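Below is one structure, written out as structure tokens; the observations come after it.
This one's a predicted model, so the numbers in the text were calculated from it and none came from an experiment. Counting starts at 1 for both ligands and their atoms, following the listed order.
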Amino acid sequence: MAFVDTASIQVKAGDGGKGCESHYRDLWMRYPRADGGDGGPGGDVIFVADPHIQTLLDFRFKKHYQGERGGHGSSKGSTGYSGKDVLLRVPVGTVLWDEGTGLLIRDLSTAGDQVVVAKAGRGGVGNIRRRTPVPPTQGEAKMIRLELKLIADVGLIGFPNAGKSTLICAISKVRSKIANYPFTTKQPVLGIVEADMRSFIMADLPGLIEGAHLGKGLGIQFLKHAERTKILVHIVDMGGSEDRDPVDDYEKITHELEEYSDLLAHKHKLIVANKMDLPDSKKNLKRFKKKFGSDIIAISAQERDGLEELVARIIELLKTTTPTSI
Ligand SMILES: Nc1nc2c(ncn2[C@@H]2O[C@H](COP(=O)(O)OP(=O)(O)OP(=O)(O)O)[C@@H](O)[C@H]2O)c(=O)[nH]1
Ligand SMILES: [Mg+2]
């Protein structure tokens, strides 16, 4: 998907400083005394998940990161200084991979999560502690791949052909395939909707059908995706195209969400009545409102009617919604 942000970088932790080999002697001493101090440890390379960072853009420009080398030991038993760590701040949700081994290092899924990806070298031991100084070790070097899956703020759900793709195409720059047959959309498509100096990410999800929670249609995989969004926008074909009954459609999808998980059942939702340009839509909407209340936004995605109000309502709802799951 186009919205996976990635970057590859090279990291190298700081080497340890050398242990010192030195001897002290003065006029009154018969034998010199060993007084070489230890080298200091190098600096680690550490990743931390920071909620104030949104993208991996910085890592596209700067590709090498190096922890500081530890200071060398010196005479009079002085230990070298510790090299400074490199702290790399990444967005929450960044997944780190070791490119050399192909193994997962860590999924930094919670703000404040930290992981040392390259361990610093130890300082060498000076001759004050050992007859022959022990050499320092080197800091680890690795190629790290960073991956960030952008999570949509809003998920579009509804029966196939309800007009989800038509809507996302009308309010964002994304092009999602529109056609008058079920399951036109087979993969989630993410688009950025901008209005009022604000923006949010909307996901056009494949249509749901009865039994989706059991894996029917393209169901389960995308219900999982819907779980990660902040709010859901439920699109109902109010025109009742192809002899569908909007009330029945709405109840079926709601049932699927409830069966799938509590999280989906209780997620904030906006109900959108689409295809209000079709002849039966007004009559259907009246019946629909009697059953499910009047807080329903009526639009025609095709005629681009009512879209401003819908976007404004989404923005307003996003302001007051804290994510239930990330
Ligand atoms: N009359 C009318 N037709 C619409 C409207 N919105 C969408 N359609 C038509 O409904 C059909 C299905 O639209 P899509 O946007 O592909 O529907 P979808 O919900 O994305 O369908 P899937 O991807 O299969 O789940 C297309 O022929 C659209 O032109 C509308 O507001 N009015
Ligand atoms: Mg579609």
Distance to 0.1 Å, residue and atom name: give those for the protein heavy atom nearest to [atom].
atom	answer
atom 6 (N) of ligand 1	N274 ND2, 3.3 Å
atom 27 (O) of ligand 1	N180 CB, 3.5 Å
atom 3 (N) of ligand 1	Q302 OE1, 3.1 Å
atom 21 (O) of ligand 1	N161 N, 2.9 Å
atom 20 (O) of ligand 1	S165 OG, 2.8 Å
atom 15 (O) of ligand 1	T166 OG1, 2.5 Å
atom 32 (N) of ligand 1	D277 OD1, 2.8 Å

Is any side-chain N of the basic residue among [X] and [Y] closer than 4.0 Å to the acidic one's carboxylate O?
X	Y	result
R313	D295	yes
K252	D249	no
D35	K76	no

Q | From the candidates S300, P206, A179, G163, the one that places a heavy atom nearest atom 11 (C) of ligand 1 | A | A179
Q) atom 9 (C) of ligand 1: which of K164, E303, K275 has the nearest heavy atom? A)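 Closest candidate by heavy-atom distance is K275.
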Q. Hey, what do you get for CD1 (I157) to CD1 (I235), rounding to the nearest 0.5 Å?
A. 9.0 Å
Q) Relative to ligand 1, is I235 under 4.0 angstrom through side chain, backbone, both or neither, heavy atoms considered? A)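 Answer for I235: neither.
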Q) Given that the side chain starts at C-beta and the backbone is N, CA, C, O, which of these parts of D237 lies under 4.0 Å from ligand 1, counting heavy atoms, or is it both or neither? A) neither
Q.
Angle between ring planes, F59 versus F47, binned at 30° and 60°: parallel, tilted or perpendicular?
A. tilted
Are any of the N or O atoms of [X] closer than 3.5 Å to those of ligand 1?
X	result
L278	no
I178	no
P160	no

Q) Do any of the N/O/S atoms of T185, backbone or side chain, fall under 2.8 Å from the Mg ion (ligand 2)? A) yes
(Q) the Mg ion (ligand 2) and S165: any N/O/S contact shorter than 2.8 Å? (A) yes
Is there a donor in the side chain of [X] and an acceptor in the side chain of [Y], or the other way round, less than 3.5 Å apart?
X	Y	result
S165	D204	yes
S300	D277	yes
E227	S261	yes

Q: Assess whether atom CD of E308 is packed by more than 12 heavy atoms of other residues, nucleotides or ligands within 6.0 Å.
A: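 At most 12 heavy atoms, drawn from other residues, nucleotides or ligands, come within 6.0 Å of this atom.
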Q) Short list, please: which atoms of ligand 1 are under 4.0 Å from a heavy atom of Y181? A) 24 (O)
Q.
With heavy-atom distances below 4.0 Å as the criterion, list the atoms of ligand 1 near G207.
A.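 In order of number, 25 (O).
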Q | Hphob cluster co-occupancy, L270 + V236, side-chain heavy atoms under 4.5 angstrom | A | no
**Q.** Co-membership, hydrophobic cluster, residues V193 and I297, 4.5 Å side-chain
**A.**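 The answer is yes; both residues are in one hydrophobic cluster.
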